[in-house]
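One structure is given here, and the rest of the page talks about it.
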Amino acid sequence: MNKPPTPVASNFIRNIIDGDLAANKNDGRVVTRFPPEPNGYLHIGHVKSICLNFGIAKQYGGKCNLRFDDTNPVKENEEFVKAIKADVEWLGFEWDELKHASDYFDELYNYAVELIKQGKAYVDSSTAEEVRSMRGSLTEPGTPSPYSNRSIEENLDLFARMKAGEFEDGEHILRAKIDMASGNINMRDPTLYRIRKVHHVRTGTDWSIYPMYDYTHCISDAMENITHSLCTLEFEDHRPLYDWVLDTLQTPAHPQQIEFARLELEYMILSKRWLKKLVEDGRVSGWDDPRMPTITGIRRRGYTPAALREFCERIGVTKNDAWIEMAVLETIIRDDLNEHSPRRMAVLDPIKVIITDLADDYNETLSFANHPQKEEFGRRDVAFTKEVMIDRDDFSENPPPKYQRLIPGGEVRLRGSYVIKCEEVIKNDAGEVIELRCTHDAATLGKKPEGRKVKGVIHWVSASAGVSAEVRVYDRLFTVPNPGAAESLEATLNPDSIAVHKQCYLEASLADAKPEERFQFERLGYFVADRYEHSKQNPVFNRTVTLRDTWAK
RNA sequence: UGGGCCGUCGCCAAGCGGUUAAGGCACCGGGUUUUGAUCCCGGCAUUCGGAGGUUCGAAUCCUCCCGGCCCAGCCA
């Protein structure tokens, strides 16, 4: 029954590291880092990077740091720092060192002075507009800035005064002097420092200039003795600059940047801009809405850290722009939950069934296995009474072909209980079915009925012994595989991405569930007690995923 | 049209000059089952974007072509 663990697949990054180890590069050390900017919530795309970086370190007996890339104080704050740490920990990883790019502001400044002294950096006093127009285009080379030949002394003086706060935002920038005619636009005298007279969460008002990503990242990696700096494909063009900085300066190390493809998932959107819009427009309840692809949202939906890690292992790491089907994610969470979740019965859209040949006060205690294949999950008692609730779509007056649930005059097994027969259908004035009158076959408890076959089995909850609860049924947020490519995001929103059932009947024991405790509601799917809103008094469950359904509807 | 990168089954993905081209997901059968679940068994690329070439031998090397992605923030 237990599946063998998926073997660790080889990938191009592991191949590179194996080669480095074989050549005894870096003295056999493997050091990676996960470097988020604390400007938003982490999502499943980041999970791929987290699993890759921490996973590589673990597999090779190396280290992995968590480093906040906090070089742009106007976009960053402490709330995100806390949330990111919590997400990484929840995923089951421990960082070796907690770092911030801002830890290196002094070194970064000194290295910049060194570049100026080498004649490799200069202060440009052009406007942003002028800098842009002189950069050229994708097909035309740029033109040198009129400030690129300032003397070293003048550059040193200006840069020191930039640091001292003598100038306002935008008056000057520090640029590397590389090649304005390069085919790679990142090499056309990239900006190293800009003036930002704003408060920084960690350095306060110490600085009025802040280093840019390209200049900061490579040096931060070097300062931490990172061996393999893993990032996404869009940074491929930045690698020459990464290497230029480290080749030009005397840094403690020269890490190797390796790029891999970011995660793309069908029916999801991972762009921060769009996720923000969903939250701001009230399309979801917040960043932790169970439909959101954020780690906090996925967690609230009921996914497990182990499933997310397994997902990353299975999708692999390549340089291909890959679109992963939802089925991959869903299969993995089902496998995990099937293995680890106790079973319960719950009725989401109830119809009352009265078993007419039972006494009004009938109350039988039935013993149910908590897991059909795992004895160690133990058993529980379930009350069977004269009135029970069943789900509305387990009864049909006009059944489709091969329907094997309850129909007028037909029989069906109440799971773990008796076979009942529908004798009478009661409707209200609107013609809606409100009650079914049934009889039961007393000889069918734990036995097959005699002389006939009853194929259908449906779940149920005692009307008097069950507890009422709210159950939120979630589905994908979008109706198209690639909503990001649509003309209008709104038009692709799935109007049925959430269905709240407020009058559900659950087995009584479910009220005692702890927040984030997971169950399989038999025949319905896997559900989790809501992390924030569930309580014994007001049970609230979220559907994580349905059961696999091979019955063509 | 400048620079960088990518094309192996419907979706992922191993493969690194000699293998009958792994594996997972999906799909299609069949069996077990008091969850239309789980589980089990079987099927599913004579072919690696295309065309040439090198070689005894090519998905793996070379050339050209085709298709796709990324880059012109004082964002990361």
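Here the structure is a predicted model, which means the values were calculated and not measured. Order of the sequence lines fixes the chain letters, A, B, ..., with proteins taken first and strands second; residue numbering starts at 1 for each chain.
Note on Arg548(A): only backbone sugar-phosphate atoms sit closer than 4.0 angstrom, heavy atoms only; bases stay farther off. Within 4.0 Å (heavy atoms only), Phe235(A) reaches at least one base atom of the nucleic acid. Using a 4.0 Å heavy-atom criterion, one finds that Ala327(A) contacts the sugar-phosphate atoms exclusively. Residue His217(A) is classed as having no contact, given no heavy-atom separation below 4.0 Å to the nucleic acid. When heavy atoms are screened at a 4.0 angstrom cut-off, Gly446(A) is found touching base atoms of the nucleic acid. As judged by a 4.0 angstrom heavy-atom cut-off over every strand, Leu445(A) is placed among the base-contacting residues. Nucleic acid contact for Ile173(A): base, since at least one base atom lies under 4.0 Å from a heavy atom of the residue. Gln520(A) comes within contact range of at least one nucleobase, with a heavy-atom separation under 4.0 Å. Residue contacts for Arg135(A): at a heavy-atom cut-off of 4.0 Å it reaches the sugar-phosphate backbone alone, with no base atom in range. Counting non-hydrogen atoms under 4.0 angstrom, Asn72(A) reaches the backbone sugars and phosphates but no base. Contact annotation for Asp214(A): no contact, since no heavy-atom pair falls under 4.0 Å across all strands. Residue contacts shown for Tyr403(A) include a base, since a base heavy atom lies under 4.0 Å away. Note on Leu233(A): nothing from the nucleic acid sits closer than 4.0 angstrom, heavy atoms only. Backbone-only contact: Thr71(A) has heavy atoms under 4.0 Å from sugar-phosphate atoms and none from a base.
Comparing the P positions of U38(B) and C27(B) gives a spacing of 11 Å, expressed to the nearest Å. Rounded to a whole angstrom, the distance from the P atom of G15(B) to that of C6(B) is 15 Å. If you take atom C1' in A13(B) and the same atom in G24(B), they sit 8 Å apart, rounded to whole Å. Straight-line distance between the C1' atoms of C48(B) and A58(B): roughly 11 Å, to the nearest whole Å. Look at the P atom in both U19(B) and A26(B): the space between them is 32 Å, to the nearest Å. The C1' atoms of G49(B) and G68(B) are separated by 11 Å, rounded to the nearest whole Å. Of the C1' atoms belonging to A72(B) and U1(B), the separation is 14 Å, rounded to the nearest Å. C74(B) and C25(B): their C1' atoms are spaced 46 Å apart (whole Å).
For the OP1/OP2 pair of U34(B) and a distance below 4.0 Å, the side-chain nitrogens and oxygens of Lys448(A) include at least one atom meeting the criterion. Listed pair Thr191(A) / G73(B) fails the phosphate criterion, with no side-chain N or O lying under 4.0 Å from OP1 or OP2. Close to C75(B), at under 4.0 Å from its OP1 or OP2, lies a side-chain N or O of Arg196(A). Look at Thr318(A) and you won't find any side-chain N or O under 4.0 angstrom from OP1 or OP2 of C6(B). Under 4.0 angstrom from either OP1 or OP2 of U38(B) there lies no side-chain N or O belonging to Arg343(A).
Pairing of A58(B), defined by two Watson-Crick or G-U wobble distances under 3.5 Å, is not identified with any nucleotide. Base pairing of C5(B): its partner is G68(B), meeting the Watson-Crick or G-U wobble criterion (both donor-acceptor distances under 3.5 Å).
For Arg150(A) and Tyr122(A), the positive end is not near the middle of the six-membered ring at less than 6.0 Å and at most 45° from its axis. Tyr109(A) carries Lys163(A) over the face of its six-membered ring, with the cationic atom under 6.0 Å from the centre and within 45° of the normal.
Ionic pairing of Glu330(A) and Arg548(A) is not present here: no N-O contact between side-chain nitrogen and carboxylate oxygen is shorter than 4.0 angstrom.
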field: side-chain hydrogen bond (donor to acceptor under 3.5 Å, both in side chains) between Ser341(A) and Arg518(A), intermediate numbers included
entry: CA-CA 6 Å; Ser341(A) 304; Arg518(A) 304 173 177 91; over 6 Å; no

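In the model, Ser102(A) has a side-chain atom that pairs as donor or acceptor with a side-chain atom of Arg202(A) under 3.5 Å. Using modelled atom types, one finds a donor on one side chain and an acceptor on the other under 3.5 Å when comparing Glu234(A) with Thr232(A).
Candidate nucleotides U35(B), G2(B), C70(B) were compared by shortest atom distance to the side chain of Glu234(A), and C70(B) ranks first. The side chain of Glu236(A) approaches G4(B) more closely than any other nucleotide in the set G4(B), C74(B), C6(B). In this structure, the nucleotide among A37(B), C12(B), C75(B) sitting nearest to the side chain of Leu547(A) is A37(B). Listed nucleotides G73(B), U38(B), G36(B) differ in distance to Gln373(A); the shortest reach to its side chain belongs to U38(B).
Nearest-nucleotide mapping onto RNA chain B: of Ser126(A) and Val317(A), the residue sitting toward the 5' end is Val317(A). The residue among Met212(A) and Asn184(A) whose nearest nucleotide of RNA chain B is located toward the 5' end is Asn184(A).
Panel note: side chain Asn53(A), backbone Ser49(A); a donor-acceptor pair is recorded below 3.5 Å. Between the side chain of His100(A) and the main chain of Asp103(A), no donor-acceptor pair closer than 3.5 Å is present.
Between the C1' atom of G4(B) and the CG atom of Asn186(A) lies a distance of 10 Å, rounded to the nearest Å.
Lacking a ring centre under 5.5 Å from that of the base six-membered ring together with a plane angle below 30°, Tyr213(A) does not count as stacked on A76(B).
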